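First comes the structure, then the notes that go with it.
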Number of protein chains: 2
Amino acid sequence: MKLASSRDRAPGRPVSRQVLADHVYEELLAWLMDGRLEPGAAVSIDGTARELDVSPTPVREALARLEHTGMVRRVALKGYRVAPVFTREDFAELMEARLAIEPVNARLACSRITPGGLADLREAVKDLETAPRGPSFAEFRDYLEADERFHKLIAEQSGNQFMLSAYNALGGQVQRFRLFGGVGITDAEQAIAEHQAVFEAMASGDPEQAAAAMADHVHKVRARAIADAPAD
Amino acid sequence: MKLASSRDRAPGRPVSRQVLADHVYEELLAWLMDGRLEPGAAVSIDGTARELDVSPTPVREALARLEHTGMVRRVALKGYRVAPVFTREDFAELMEARLAIEPVNARLACSRITPGGLADLREAVKDLETAPRGPSFAEFRDYLEADERFHKLIAEQSGNQFMLSAYNALGGQVQRFRLFGGVGITDAEQAIAEHQAVFEAMASGDPEQAAAAMADHVHKVRARAIADAPAD
DNA sequence: GATGGTCCATTCCTATAGGATTTGTCTATG
DNA sequence: CATAGACAAATCCTATAGGAATGGACCATC
């Protein structure tokens, strides 16, 4: 694979303002999101550089940025590895944290949301409804994407940069939780209804109801996942 | 300034497991904490490399890691800059986020804290009491350090890696808020009493009281800062 | 005086080279 | 067979070099 270098860009065109390290970052992120990199797998700097046909330097920078998302871990002199699969305890902790953060985001967003933001949210809910839901990852990828987008939109619409940062500190982890024991989509209809409830509360402009709906949603996500979890 | 390279390390000693980029990271972090780098100031990669007598490569990696803390910002092809001073709005947002996160940390930590953790907390409170408090930064540096340590300890003792990540997402910012209009320490006695209240609630093993004490503390920090804030 | 163009120093960005470390394999020895 | 040591390949880490972009100074032109 060959990434477009800043050198072989047609002159005169508006500068992309994006350097090679940014492309590498996005590519690696896509790999992680797609599940192309399995948990625990080594992410070699030199190997990735060869794969993307760039030098190790931008790969090193991209990985350094990725480390803080929690999706890869680094050990000095040993390199980077994809973060291991979630344990049951990890999952419980993530839900505990989401319960602390996401209802607050919903409450804040509800009182400040713009018509445009509301429209984006409506679209995410709609995509959630129409996305195909099959047993394999490829078949519910769009569903997960819409789910993630819904929650991220609310964090952004909170208007609080720190709450957004806090959510993003969970962001990569929220994606990764789908790897928790290979749990797929269960009771999607119910989850969709919960998202609709959050959306409607936000649309009606009732912050406390929005927070309550979000808390209820996270609670039920946890309950469903625990019910489906494989035995240790 | 010359950092110890891994090359000129005495053989046979236990390996430090820390590479040059780690040293650069810590050095830059110290510069930022100390206020040696003013908000808005450029942090040149080559310049820092010369200053620390290393090559630009580890500096680049260290800065990439620092970026996500919010203490430095990067613009492609233009380099890194120390994040600008907090505005009144930034400060309000930070306090809002702290109110969402820190009481939860206190509640969780209270139900899981170990005797050792409690001892660490007691020490932080004690340091807070005895730290000198003068008008200049150097004179209340220890005070701020103990304050930060107290809150970080609670985040760590929460036993929830995600809540700790969320807190750390605010971490650098919590430090930076002291730059908010140059506000120093006001009513330190009162702040110390609030910390003591949090500690005592935790020591008594009442999670809800601990959460309430922490919420009360953050509320009052906000109130004091707003009262002291310079006019825009 | 304001605008626009050219030159130059600084800085960022990427590639490359080579030393240092880790890891796996292979062999020799008890 | 188990263990220890030697070797080799892969990888990480840092330094260095040079192309590319930025920003400012200087100067010409309107």
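Throughout, a chain's letter reflects where its sequence line sits, starting with A, and its residues are numbered from 1. This structure is a prediction, so every number in the text was calculated from the model and none was measured. The analysis underlying the following values was restricted to heavy atoms, covering all of them including side chains, and did not include hydrogens, waters or symmetry mates.
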Notebook entry, point to check: What pair of heavy atoms forms the shortest contact from B:M33 to B:M71, and how long is it?
Noted result: SD-CE, 4.3 Å

Margin query: Less than 4.0 angstrom between a side-chain N/O of A:R60 and OP1 or OP2 of D:dC13, yes or no?
Written below: yes

Item checked: Nucleotide nearest A:V19 (side chain, heavy atoms from C-beta), chosen from C:dC13, D:dA15, C:dC12 -> C:dC13

Note to self: Check the phosphate of D:dT11 against A:R81, side-chain N and O only, distance under 4.0 Å to OP1 or OP2. Yes or no?
What the structure shows: no

Notebook entry, point to check: B:S44 near the nucleic acid: base, sugar-phosphate alone, or nothing, with a heavy-atom cut-off under 4.0 Å?
Noted result: sugar-phosphate

Check: What nucleic acid atoms does B:V59 come within less than 4.0 Å of, heavy atoms only: base, sugar-phosphate, or nothing?
Finding: nothing

Check: Over how many whole Å does the gap from A:L77 atom CG to D:dA10 atom P extend?
Finding: 19 Å

Notebook entry, point to check: Are the side chains of B:T48 and B:L52 in touch, meaning some heavy atoms are under 4.5 Å apart?
Noted result: yes

Next item on the list: Looking at every strand, decide which applies to B:A76 at a 4.0 Å heavy-atom threshold: base, sugar-phosphate, or nothing.
Entry: sugar-phosphate

Notebook entry, point to check: So, is B:K78 near the phosphate of C:dC13, with a side-chain N or O under 4.0 Å from OP1 or OP2?
Noted result: no

Item checked: Contact summary for A:R112 and A:S158, nearest pair of heavy atoms -> NH1-O, 2.8 Å

Note to self: I want to verify a distance call: between D:dT22, C:dT16, D:dA15, whose nearest atom is closest to the B:S55 side chain?
What the structure shows: D:dA15

Check: Just checking A:A21: base, sugar-phosphate only, or nothing, at a heavy-atom cut-off of under 4.0 Å?
Finding: sugar-phosphate

